[in-house]
Chemist: 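Below you will find the structure I want to go over with you.
The sequence lines fix the lettering, A, B, ..., with proteins before strands; numbering per chain opens at 1. FYI, side chains are in, hydrogens and waters are out, and symmetry mates aren't considered; it's all heavy atoms of this structure.
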Amino acid sequence: MNLSFAGCGFLGIYHVGVACCFRKYAPHLLLNKISGASAGAMAACCLLLDLPLGETTSDVLRVATEARKKSLGPFNPSFNIHQLLLEGLERFLPDDAHIRVSGKLHISLTRVRDGKNVIVSQFDSREELIQALLASAFIPVFSGLFPPKFKGVRYMDGGYSDNLPTLDEHTITVSPFCGESDICPRDDSSQLFHINIANTSIELSKHNIYRMVRILFPPPPETLANMCKQGFDDALRFLHKNNLINCTKCLAVQSTFVVSDTLEENLIYDPQCTDCKIHRQEALVSNVPDTVLNVFQEVIESANKGVSNWLFKHRGMKLLSVLSLPYTLPADIMYATFTKLHLLKPVVPQLKRRLVSHNATSFQLLTSIGNQFETFSFDYKPCQALLPHNRNACIKDPSLSVHERFMATAPQVGNALWDVSKVVLDQMSNVLTRVNRKRQQISAKITCQLAITEYSGGKEPPVDDLVENKVNLNFTLDLDDCDLPLEQSPERKFNTRQILQRKPSFTINKSDTMDDDTFDHILQVTSHHEAIMAYYYLDENNKVKVTEIFDVTEDESPLLQTPCEKDVNTNLEFDDSWTDYNQVGELAQDDLHSEYSLEDLLDSDKNVFSDPESEWVGTCKVEEPEDDLRYSSNDARPESDRVTLKNEDNTKEKLLIHSRDFEYKNC
Amino acid sequence: MLEVANKEETEVEKNKQCSSWLSPSWLTWNKYSEGMLRTLEKRILQIVKTPYRGCFVDIGPVVGPADKIWTLSFNTNSQRTPLVLVQGLGAGVALWCLNIDALAATRPVYAFDLLGFGRSSRPDFDSDAVDAEKQMVRSIEEWRKEMNLNEFILLGHSLGGFLAASYSISYPNRVKHLILSDPWGFPEKPSESVQPVPLWVKTLSYMMQPFNPLAGVRAAGPFGPWFINTLRPDISKKYSNALMEYSADDLIPRYIYQCNSQYPSGESAFHTMMSNFGWAKNPIVRRIDRLDKRIPITLLYGSRSWIDHSAEDIIKLKRSDSYFKLQVINGAGHHLYADKPEAFNQIVNDACAFTDADQRNLAIMPPPDGSDESDAPESEKSLT
């Protein structure tokens, strides 16, 4: 089965939600061809390259907030969507992107010459891939005047000819508009009429009219978050309806089936697999992954805080800003013209990059207006060698006094400073990732994260913070390959105990009652207890993932359970008056062998929920500031391995979730 | 190859709209012409192999002074329970062209343009939702009397599904099996929309409310067919395989334009039956329990259709003790009869066969098997 994503401008956030769901519950569908136009093509590319969803979300949101900032929204002359997209793609696409997507990614383009639809799927270089993606999202006049070239021919947005390219009969179509697509929102309307624009069916409903306008005018971040969630829910509903949700074990079977044919005989796909059923039930109550939700949370918060935002939220202020448009617009256009002139010199940003990358210590501040360039450099000598042209330009125009020159460049200085600092940061992170990558090649790397959150019982006087103690452990240990069983065949189960008995380096973000030997204790627990659930599987990137869930409710140790809690636990076992909520809690512990109807699960929106891969939480969750810190502190890991377990108040279940991620390269 | 020879029209309006020298046809904005509609219909029906007979059935003064319903009949010699097709909003009989051959192979098939649509006459319906619906249903009943059909299998698509259900409630003895294809107007309008809509969208939709749904097509005048093909290129695409040599891109939009460019009385009736944005004022859910328990129901819908699929739950809930079969056609949209004609025909034929078998089991009527098996091929043989 192939996938097809509709082009939809800023509604592309819907595709992010769909992508989250697919990656989580149906990764076997992502091994085939994926097609798309404009925003859909970018979503398809991200899915095929397995780019981190959290970062791509924040990039989409960055563009959206950028567009919302200005008067006239994205039609403001200084808003350059083309440039913003280019920056995003340059940043996210890996060097071998074109090799990995060639033959799989199908981008729908419209040839400018005759308006015919062209679908491209072969990319010879990374630049070509970027060009194709940009061309597919190029709306004339809105994005710029001249459509970009791909292999010497000018193309524009695929949405003009075929917005939802279908490769064959069995293509799953994804569209953010309610209509005749497989995955699309289902508005509660009974309207008989729909229109079909460039192969995308759009029902004539109120919601679709709203969405149509939001293609080019991005909605506020709250609405974007809702759209993302909607995409996730719709995709989930589709997968559930078509019985495409399988458990990870079965998925592993299917992936290995694709990767190597030798493993077939001893791995049998069982359609009645209980794990599948469990997984499906869990899927019904799941939500958009935390990493993506956090991004939304941040953006929404930043959009709402501050006096000016509060002020501009009021209708009166909005009216005022609309009324003042005739006065502010000329100024904006003036400013935009100057910045555009600045951008017309493509040499400038490239030079900046080169300077910083070649000599990290030299700090260049480069500003320009029109034809004039000014160079401030702290490390003068290397710049002189690299910038002869610019220096000439400066010298050529001696008529301006230093003061005048400064005044003229004043509005640009801030921008340039900002640009330079961005470049520096980019380079830093580039260097860091490069270093990381090198290390991975020489040794196996184990990233482990433990999240233990305990909440106090109801007997204590109410306190503001119900969290009794919360420990987030992150540790990374690098092991030499010689004493690890990594040389052995990948399908072999790892002896996790053996690995964990090493003394690793770890950090504790917050710890109230636990001390250092808590960690030792956890190790002990994990080695003495059998896991409730343990998944060992190898994914297509030669990555063995191990997820274990340990039940520590019965554990006698005073470290993991206070005597008081133990009492409550034993009482609860004989307590008949369990609330609905506790039942759900028990459910999570009992491997989700549910005897309660699904409606129960769906109705109670604050359910404790633990998933084999366990980064999914219920809709009601407690946001801890530490979470953000934690996420930012370890970017190197794939986000699917981040673990959170959020227990609500009063539950005495403690599930210790253990997710380890073994990455190894055959060396 | 073509069996137009068998076709006869009882009433052929030879004199077209009088195009006097005062208002020549090229000056009028609306490009409707009776002759053009007839020709287009004939050309689309060229792909139907089964011989057919088209006639205006005079049903007398039902809504207007003298109403006529344009009817196509196929394979009328067969003795099996006939199948009656009721089309949806804005469509005409010719759009069944992909299904007729398969359906008419074993039994008589009748397809007609609803009163106020297609080539049927266009009287003004009542302005009350319930009354307009009653008038529609009565026109179907009068048509049945004229056609001398005792009982039949009723298949309704979209708006036709709504009317078919309503007809079955009013005249349960006539309907042997009710087949609903993505029917409209089953659920109650939800009290409050879950997703809030901004004010300007509400204003816009409020402003659109007084207009008939297809007013834009008529307003487009000579650009009507182009307008239809731009907004709904998928319709022509559905037929392009079958209509290859006749260029569906041209025929289908022109046919739809001609069907809808006359005085829109049927559309107005639909408009009165509908409350804002597509919900039925008097939905079937309120009355489905009054439908005879013995009538079996087959419900079909396309997996991609955006129409509310709660009809399924409604029927299951309210008619738990009668026969009900749900069939979802994968990959089909709202127009499932054209999206996946093979699957659609198969399901409908199975449903019809079920009714035949049911009759035999109940021994209500001795099965006239021997005669009708030989009937269908014979009639075809004589003509080809």
Side-chain angles (χ1 to χ4, degrees), chain A residues 1 117 161-164 166 168-175 177-214 217 219-220 222-223 226-227 229-230 233-234 237-238 241-242 315 318, chain B residues 88-90 158-159 162 182 184-190 192-198 200-202 204-206 208 213-214 216 228-237 270 274-280 283 302-311 328 330-336 339-340:
Chain A
M1 265 191 274
N117 185 256
S161 47
D162 191 354
N163 200 26
L164 194 54
T166 44
D168 62 358
E169 277 275 287
H170 310 287
T171 304
I172 302 169
T173 50
V174 183
S175 156
F177 302 102
C178 177
E180 288 188 347
S181 308
D182 288 316
I183 299 175
C184 64
R186 293 270 176 237
D187 295 342
D188 46 349
S189 100
S190 187
Q191 181 61 266
L192 277 181
F193 291 93
H194 78 132
I195 50 173
N196 194 301
I197 298 170
N199 211 8
T200 315
S201 142
I202 300 170
E203 184 201 353
L204 289 178
S205 71
K206 286 180 197 172
H207 294 286
N208 271 349
I209 294 172
Y210 175 71
R211 290 189 191 109
M212 292 276 267
V213 173
R214 291 306 184 192
F217 293 93
E222 291 94 331
T223 320
N226 282 338
M227 280 176 179
K229 198 180 167 309
Q230 171 109 52
D233 292 346
D234 291 331
R237 197 183 49 209
F238 173 82
K241 242 187 190 170
N242 292 285
R315 286 216 171 137
K318 275 184 190 165
Chain B
L89 182 75
S158 186
L159 173 67
F162 174 76
D182 223 5
W184 173 81
F186 268 68
E188 196 82 55
K189 182 176 184 263
E192 195 44 62
S193 181
V194 192
Q195 308 138 297
V197 180
W200 61 267
V201 177
K202 279 185 196 157
L204 196 70
S205 69
Y206 184 77
M208 298 297 282
L214 293 170
I228 291 170
N229 208 25
T230 312
L231 290 185
R232 293 298 304 276
D234 56 317
I235 299 185
S236 336
K237 216 180 272 174
F270 169 72
M274 170 188 97
S275 69
N276 65 346
F277 262 82
W279 298 97
S303 65
R304 285 180 181 171
S305 171
W306 74 95
I307 300 272
D308 194 296
H309 287 156
S310 49
V328 180
N330 247 334
H334 176 58
H335 300 274
L336 52 162
D339 278 333
K340 302 272 171 187

Chemist: Could you have a look at B/G331, B/P198, B/G302 and say which one has the most heavy-atom pairs with chain A under 4.5 angstrom?
Modeler: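 Result: the option with the highest number of such pairs is B/P198.
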Chemist: Please round to the nearest 0.5 Å and tell me the distance separating atom NE2 of A/H194 and atom OG1 of A/T200.
Modeler: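 Atom-to-atom, A/H194:NE2 and A/T200:OG1 are 11.5 Å apart.
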Chemist: Taking side chain as everything from C-beta outward and backbone as N, CA, C, O, which of these in B/K189 sits under 4.5 Å from a heavy atom of chain A? Side chain, backbone, both or neither.
Modeler: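 Neither part.
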Chemist: Pick one of side chain, backbone, both or neither for B/I235, based on which atoms fall under 4.5 Å of a heavy atom in chain A.
Modeler: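 Neither part.
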Chemist: Heavy-atom distances under 4.5 Å only: say whether A/L204 touches chain B with side chain, backbone, both or neither.
Modeler: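 It is the backbone, since no side chain atom gets that close.
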Chemist: Going through the distances and angles, do A/D168 and A/T171 end up as a side-chain hydrogen bond (donor to acceptor under 3.5 Å, both in side chains)?
Modeler: CA-CA 6 Å; A/D168 62 358; A/T171 304; 2.9 Å; yes
Chemist: Checking A/F177 now: which residues fulfil ring-ring contact (aromatic ring centres under 6.0 Å, His included) with it, not counting sequence neighbours?
Modeler: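 Testing A/F177 for ring-ring contact (aromatic ring centres under 6.0 Å, His included), a comparison that skips the adjacent residues, returns none.
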Chemist: If I measure from the heavy atoms of chain A, does B/F270 come under 4.5 Å with its side chain, its backbone, both, or neither?
Modeler: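 Just its side chain gets close to chain A.
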Chemist: Could you look at A/H170 and say if it's the side chain, the backbone, both or neither that has a heavy atom under 4.5 Å from chain B?
Modeler: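 No part of it gets close to chain B.
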Chemist: Measuring heavy-atom distances to chain B, does A/S201 have an atom under 4.5 Å in its side chain, in its backbone, in both, or in neither?
Modeler: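 The answer is neither part of A/S201.
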Chemist: With a 4.5 Å cut-off on side-chain heavy atoms, are B/R304 and A/T173 touching?
Modeler: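 Yes. Closest side-chain heavy atoms under 4.5 Å.
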Chemist: Mind checking the NE2-CG spacing from B/H334 to B/D234? Nearest 0.5 Å is all I need.
Modeler: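 Result: 11.0 Å between the selected atoms.
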Chemist: Using non-hydrogen atoms only, which part of A/N199 is less than 4.5 Å away from chain B: side chain, backbone, both, or neither?
Modeler: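 Contact with chain B: side chain only.
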Chemist: Considering only NZ, NE, NH1 and NH2 on the basic side and carboxylate oxygens on the acidic side, decide whether A/D187 and A/R211 come within less than 4.0 Å.
Modeler: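 A salt bridge links A/D187 with A/R211.
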Chemist: Does A/D233 pair with A/R237 as a salt bridge, N-O distance under 4.0 Å?
Modeler: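 The answer is no: the pair does not qualify as a salt bridge.
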Chemist: If we define contacts as heavy-atom pairs under 4.5 Å, which of B/G90, B/S310, B/S205, B/A332 has the most with chain A?
Modeler: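 Most heavy-atom pairs under 4.5 Å with chain A: B/S205.
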